[in-house]
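Ligands are counted one by one from 1 in listed order, and the atoms in each one are counted from 1 as well.
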Amino acid sequence: MSKENSLKAVIFDLDGVITDTAEHHYQAWKAIANELGIPFTREFNEKLKGVSRMDSLKLLLTQAKTPVSYSDEEMEQLADRKNKIYVDLIETITPADLLPGIKEFIAEIRSSGMKTGIASASKNAIAVLTRLGVMDQFDVIVDVVKLKNSKPDPEIFLTAAAELEVEPNNCIGVEDAASGVDAIKAANMFAVAIGNSANFPHADIVLSSTAELNFQELARAFEGN
Ligand code: BG6
Ligand code: MG
């Protein structure tokens, strides 16, 4: 293994990777879609994963049977309503809601002397991580409010690497969204996707569930890459 290519950090997306809040986001958007009479399927919801709140709303509105148009103020109100529903849903989150294998995976990374970071597009990330009781498990949590570009732009992963003081090519990124995997690859990192392999043509490795995350195996795959 060359020094330039040694593994130093694992950077995680949050929603759908650390915990199943991707489902809570879906439920909250579904409630808004129902209110507006807009068809909204789980399949279409895949496109919203990793996408900011306002951009998700814009995508949802493209599903209206007849074109809809809202003022900026109305758009803000709709996004706020979605967020209130989401915030209510995440109130019940406890440490038991960490996805399978995540606690052990992070413990293994940290005991191997590697760093950990969170690269989430969610403004609710700190609230979710606090409820999960894992704030102290991450060396860096990127503040999305300070960023200019959304996934698939690499900015959030590059910011995480810079704050962790590691080079991007020394990092693994873990994502459940196609836009997130594209952001990891654009950042020149090794991409691990969680979900259906058909959704992730650009990932280096696709695992069907977080239960399959194994640090030693991933470290070997990273080194051989
Ligand atoms: C991402 C989710 O992590 O955060 C998206 O995958 C969500 O579904 C985005 O829209 C923004 O989240 P929030 O909590 O700021 O509305
Ligand atoms: Mg996600």
Minimum-distance protein heavy atom relative to [atom]:
{"atom": "atom 11 (C) of ligand 1", "answer": "Ala121 O, 3.5 Å"}
{"atom": "atom 5 (C) of ligand 1", "answer": "Val51 O, 3.4 Å"}
{"atom": "atom 16 (O) of ligand 1", "answer": "Arg53 NE, 2.7 Å"}
{"atom": "atom 15 (O) of ligand 1", "answer": "Lys123 N, 2.7 Å"}
{"atom": "atom 1 (C) of ligand 1", "answer": "Asp15 OD2, 3.4 Å"}
{"atom": "atom 6 (O) of ligand 1", "answer": "Gly50 N, 2.8 Å"}

Any atoms of ligand 1 less than 4.0 Å from a non-hydrogen atom of Asn124? List them with their elements. 13 (P), 14 (O)
Proximal atoms of ligand 1 relative to Lys49 (non-hydrogen, under 4.0 Å): 6 (O)
When you compare the side chains of [X] and [Y], does any donor N or O come within less than 3.5 Å of an acceptor on the partner?
{"X": "Lys82", "Y": "His25", "value": "yes"}
{"X": "Ser112", "Y": "Glu108", "value": "no"}
{"X": "Asn124", "Y": "Asp15", "value": "no"}
{"X": "Thr94", "Y": "Arg131", "value": "no"}

Indicate the ring-plane relationship of Phe40 and Tyr26, choosing parallel, tilted or perpendicular according to the 30° and 60° boundaries. parallel
Which heavy-atom pair separates Ile126 from Ile141 by the least distance, and what is that distance? CD1-CG2, 4.0 Å
Report the C-alpha distance between Glu46 and Lys49 in whole Å, list the side-chain angles of each, state the deciding distance to 0.1 Å, and finish with yes or no for salt bridge (charged side-chain N to carboxylate O under 4.0 Å, His left out). CA-CA 6 Å; Glu46 285 299 312; Lys49 289 185 176 173; 3.0 Å; yes
Which of the N/O/S atoms in [X] sits closest to the Mg ion (ligand 2)?
{"X": "Asp176", "result": "OD1"}
{"X": "Asp15", "result": "O"}
{"X": "Asp13", "result": "OD2"}

Within-shell test, Ser56 vs ligand 1, heavy atom, strictly < 4.0 Å: yes
Test Asp13 against Ile118 for side chain to side chain contact (heavy atoms under 4.5 Å, CB included), laying out the working first. CA-CA 6 Å; Asp13 172 45; Ile118 290 282; over 6 Å; no
For atom 13 (P) of ligand 1, state which one of Ser120, Ala28, Ser122 supplies the nearest heavy atom. Ser122
Side chain, backbone, both or neither: which part of Leu48 has a heavy atom under 4.0 Å from ligand 1? backbone
I'd like to know if the side chain of Asn169 reaches the main chain of Asn188, judged simply by a donor and an acceptor atom lying under 3.5 Å from each other, with no hydrogens or angles considered. no
